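The next block holds one structure in the form of structure tokens; read it before the comments.
The structure displayed is predicted, hence computed values, not measured ones. Here, residue 1 is the first one in the sequence, and each next residue gets the next number.
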Amino acid sequence: MQGIRWILSLVGLCVVLAMHGQSVAIEDVLEDIYNQLSEEDEILQEDVQEQLMNIAANPIDLNHTNADELAELMFLSDEQIDAILMYQYEHGFKEIYELQLIDCLKDYEIRNLLPFVRVDSLEVQEFRSSGGKKMYFREVFHYAKHEMTLRMDARNIEDFEGDPMYGKLRYRFNYRNRVQAGVSVLRRQGDEAIRQEGERWDYGGYIQLKDIGPMKTVVAGNYQASFGYGLVVGSPFKRGKIAYIQSTATTDEGLKKYSSVGDSYHYFHGVGATARVSRWADVSAFYSLRKGKEEAWNHVVGVNATGRWNRLKVGITAVETIEATSSQFRERSQASYSLEVKGRDVSGVMGVNARWNMGKVDIWGEVATSHGNTWGVGVITGVRYRPISDLNLLAIYRYYSPEFDNVYANSLCSWSRMKDEHGGYLGVEYNRLKNWQLSAFGDVWKTGFETMAQADFIPQKNYRMHTRFRVKRKDEKDTYSLRWNMVYNFGQWKMKTQADGNMVQAKGAWTYGWSVLQDVEYRFSEVPIVLQLRAQAFDAREWNNRVYIYENDVLYAYAIPFVYGLGGRFWLNARYKINDTFSLYLRVSETIYQRAWAMEHDKKSTRTDVHALLRVKL
């Protein structure tokens with residue numbers, strides 16, 4: 001191993017310097033994550049970007065990290081996390097270039113990883129298992145970082161009936177990712193329905209503590225919970241059937257803060273904590289109280305226990321939900337427990353999950369049961385097999401009975417709700433050809449199927465191209481889609497060209513849709529200004545042919561919107577870092593529809609949006 005390190009030292013140093021020379025931005029990593037997703041996948045842009053930015057400000061030390069900390073880098077698979085920790089245990093990292101010695105990490109994955117990791121001394125520290133380094137109260141406020149952002153949007157200026165202004169104010173406090181707190185206030189656009197319902201304003205906040213004595217995590221306010229493989233309670237960062245199978249159907253992120261507001265489904269509101277009961281076991285408990293439909297309130301109580309023994313990991317999770325008015329809840333708390341209540345306002349789900357990693361073979365799964373008016377069963381299990389370093393295979397089986405009903409579940413599924421589905425998934429990833437990465441999957445369920453093949457060509461560090469072909473049968477329609485994407489960097493310029501096309505057969509008729517776009521980015525050397533420009537033409541006149549395209553936006557506002565109709569779309573992003581304290585972001589976009597198509601569909605011929613954001617860091 002010492003000989004290999006010596007041989008790789010010069011080559012590895014040159015590669016890492018070249019990667020750093022390209023100034024890999026967090027925006028580039030986010031774009032890689034987004035481009036893996038399909039239109040059914042869900043991602044909370046604000047929380048994902050904030051999480052990555054916090055880690056980049058306090059990079060993970062590869063010699064003194066653990067699985068939970070590396071799992072915060074959502075683009076890493078379980079296998080890659082295990083491989084990094086195995087190398088840490090067997091050899092320790094002396095230089096960051098040694099990431100190249102890990103078989104399952106490819107060059108572009110290392111490039112994405114570099115902004116978030118560092119290598120410190122090889123001296124062994126056990127602070128993770130003993131509750132963390134000591135933290136003094138005076139240090140928290142002295143070394144903490146503060147961030148405030150004010151965002152103002154004017155959306156759909158020409159066609160919005162009411163006040164088109166959208167606003168968001170947020171404050172964030174962060175001490176080395178161990179003490180975090182935040183408050184957000186949201187002002188929605190003022191259409192008639194919102195004014196009548198009085199829901200124009202929304203607000204939220206959170207506090208999160210990590211590695212405080214025996215407490216691994218403590219959260220209060222708005223937070224997320226995810227355990228096992230998503231059958232009981234799953235992460236809202238949903239990665240389903242994606243191009244890179246190593247990251248398919250991964251979850252188990254524990255308790256963590258939720259920093260956004262205005263979303264009704266993706267978070268809990270209350271308190272939660274995870275405690276280390278031993279070096280090998282954690283116990284979590286959480287409670288949430290949120291207003292539900294009409295005057296009802298949702299009371300949610302959940303617990304999880306997770307144990308690890310060598311290569312085996314086992315967990316059990318239970319969640320109970322009571323939906324009732326305040327008076328009903330008080331009456332029920334004084335009576336004996338019974339499922340025989342009005343309607344279906346008491347429900348629960350319990351599941352057991354396990355993972356056994358045997359090196360080349362990784363077996364995992366979860367079984368859950370739900371109860372309410374009826375009892376249901378959900379099962380998901382998978383096997384990953386890597387016979388050689390350049391070949392990765394994945395097989396997944398899932399079954400969700402018609403009675404299985406859990407609004408907090410989020411795992412591999414072909415529908416928005418995990419219910420009444422029975423299917424199997426097979427995926428393969430092959431990297432043995434020089435400069436090529438090939439991946440494909442096939443998924444079949446009782447009412448449809450989906451297949452996809454993708455080829456990535458990466459001949460050099462500043463050039464990348466991929467082609468993706470997908471066939472899908474769902475909702476009694478067949479969809480054939482093709483994407484070609486090329487990204488090229490040279491100097492201060494970054495260019496991206498993308499073409500998408502699809503054909504859909506529904507009710508015996510064929511329709512088509514296409515989109516072509518060109519992105520240009522320029523980073524000024526004399527002043528801290530970045531400009532991004534997109535020009536796009538599209539023809540997707542039928543709803544079934546809409547095309548989903550990743551778009552940049554102001555800070556904390558990335559998305560995968562779709563284009564529908566006949567016309568063109570243009571946007572300009574500008575980012576100006578005034579100094580270390582103040583930054584300005586501006587985005588202006590306009591969609592121009594063909595006049596005849598717009599009139600036929602009762603739309604304005606143009607849509608203009610303006611987004612502006614001021615960021616203050618202290």
Side-chain angles (χ1 to χ4, degrees), residues 31 34-43 155-156 158-159 238 240-243 413-416 440-445 447-455 465-486 496-519 534-553 558-571 589-609:
E31 185 168 356
Y34 278 82
N35 284 331
Q36 295 180 27
L37 305 177
S38 67
E39 57 268 24
E40 290 85 3
D41 291 325
E42 300 176 18
I43 181 171
R155 300 180 175 181
N156 197 7
E158 297 90 344
D159 200 28
K238 180 181 178 182
K241 294 167 280 188
I242 65 176
C413 184
S414 297
W415 305 92
S416 58
F441 73 76
D443 185 56
V444 179
W445 60 97
T447 59
F449 68 87
E450 181 177 4
T451 62
M452 192 216 69
Q454 177 165 318
M465 180 177 67
H466 79 252
T467 303
R468 178 187 303 172
F469 179 66
R470 186 188 298 262
V471 179
K472 187 173 185 178
R473 172 172 292 177
K474 185 179 178 181
D475 293 331
E476 299 182 350
K477 65 182 180 183
D478 296 334
T479 303
Y480 303 82
S481 59
L482 179 67
R483 167 171 293 178
W484 176 81
N485 174 287
M486 180 181 70
K496 173 183 172 182
T497 306
Q498 182 169 306
D500 291 83
N502 63 63
M503 297 183 66
V504 177
Q505 183 184 35
K507 298 181 180 179
W510 285 89
T511 56
Y512 70 90
W514 58 263
S515 165
V516 178
L517 65 86
Q518 178 65 54
D519 287 357
R534 169 172 294 180
Q536 178 182 4
F538 59 88
D539 184 353
R541 307 185 200 191
E542 300 296 330
W543 178 254
N544 288 337
N545 299 106
R546 62 193 183 277
V547 180
Y548 289 81
I549 302 289
Y550 170 84
E551 289 191 356
N552 298 96
D553 207 318
Y558 291 75
I560 309 179
F562 60 82
V563 291
Y564 162 56
L566 175 61
R569 180 167 171 80
F570 308 89
W571 54 253
S589 65
E590 180 158 297
T591 305
I592 303 174
Y593 298 102
Q594 184 195 55
R595 187 174 300 275
W597 184 90
M599 292 178 63
E600 179 183 349
H601 292 78
D602 194 26
K603 286 179 173 288
K604 297 288 186 180
S605 58
T606 61
R607 168 173 174 153
T608 305
D609 298 278

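- Here CD of Gln505 is found 10.0 Å from OG1 of Thr479. Values are rounded to the nearest 0.5 Å.
- One N or O on the side chain of Gln518 and one on the backbone of Lys496 form a donor-acceptor pair closer than 3.5 Å.
- When atom types are taken as modelled, the side chain of Lys474 and the backbone of Ser414 share a donor-acceptor pair closer than 3.5 angstrom.
- Of all the heavy atoms in Asp443 and Phe441, the pair that sits closest is N-CD1, 4.2 Å.
- With a 4.5 Å cut-off on side-chain heavy atoms, Val471 and Phe449 count as touching.
- Between Asp475 and Trp415 the shortest side-chain heavy-atom distance falls below 4.5 Å.
- Between Asn545 and Ala540 the shortest heavy-atom distance is O-CB, 3.3 Å.
- Ile549 places a side-chain heavy atom less than 4.5 Å from the side chain of Gln498.
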Candidate pair Arg534 and Asp519, rule salt bridge (charged side-chain N to carboxylate O under 4.0 Å, His left out), full reasoning: CA-CA 4 Å; Arg534 169 172 294 180; Asp519 287 357; 2.6 Å; yes

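- Rounded to the nearest 0.5 Å, atoms OG (Ser481) and CZ (Phe469) are 7.5 Å apart.
- Nearest heavy-atom pair across Trp445 and Glu450 is CZ3-N, 3.8 Å.
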Step-by-step side chain to side chain contact (heavy atoms under 4.5 Å, CB included) determination, Tyr593 to Tyr564: CA-CA 9 Å; Tyr593 298 102; Tyr564 162 56; over 6 Å; no

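- In this model, a donor atom of one side chain and an acceptor atom of the other lie less than 3.5 Å apart for Gln536 and Ser515.
- The minimum heavy-atom distance between Met465 and Trp484, with the atom names listed, is SD-NE1, 3.1 Å.
- To the nearest 0.5 Å, the span separating OG1 on Thr608 from CD1 on Ile592 amounts to 8.0 Å.
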Stepwise side chain to side chain contact (heavy atoms under 4.5 Å, CB included) test for Trp510 and Tyr480: CA-CA 11 Å; Trp510 285 89; Tyr480 303 82; 3.7 Å; yes

Residue pair Trp571, Asp609: steps toward the side chain to side chain contact (heavy atoms under 4.5 Å, CB included) verdict: CA-CA 9 Å; Trp571 54 253; Asp609 298 278; over 6 Å; no

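- A salt bridge is defined here as a Lys NZ or Arg NE, NH1 or NH2 lying under 4.0 Å from an Asp or Glu carboxylate O, and Arg483 with Asp500 meets this definition.
- Interatomic distance, CE of Met452 versus CZ of Arg470, reported as 6.0 Å (0.5 Å rounding).
- For Tyr512, the side chain to side chain donor-acceptor pair (under 3.5 Å) partners are Asp539, not counting sequence neighbours.
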Criterion side chain to side chain contact (heavy atoms under 4.5 Å, CB included) on Val547 and Asn502, from CA distance to verdict: CA-CA 8 Å; Val547 180; Asn502 63 63; 3.7 Å; yes

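- Checked by atom type and distance alone, the side chain of Asn485 never pairs as donor or acceptor with a backbone atom of His466 at under 3.5 Å.
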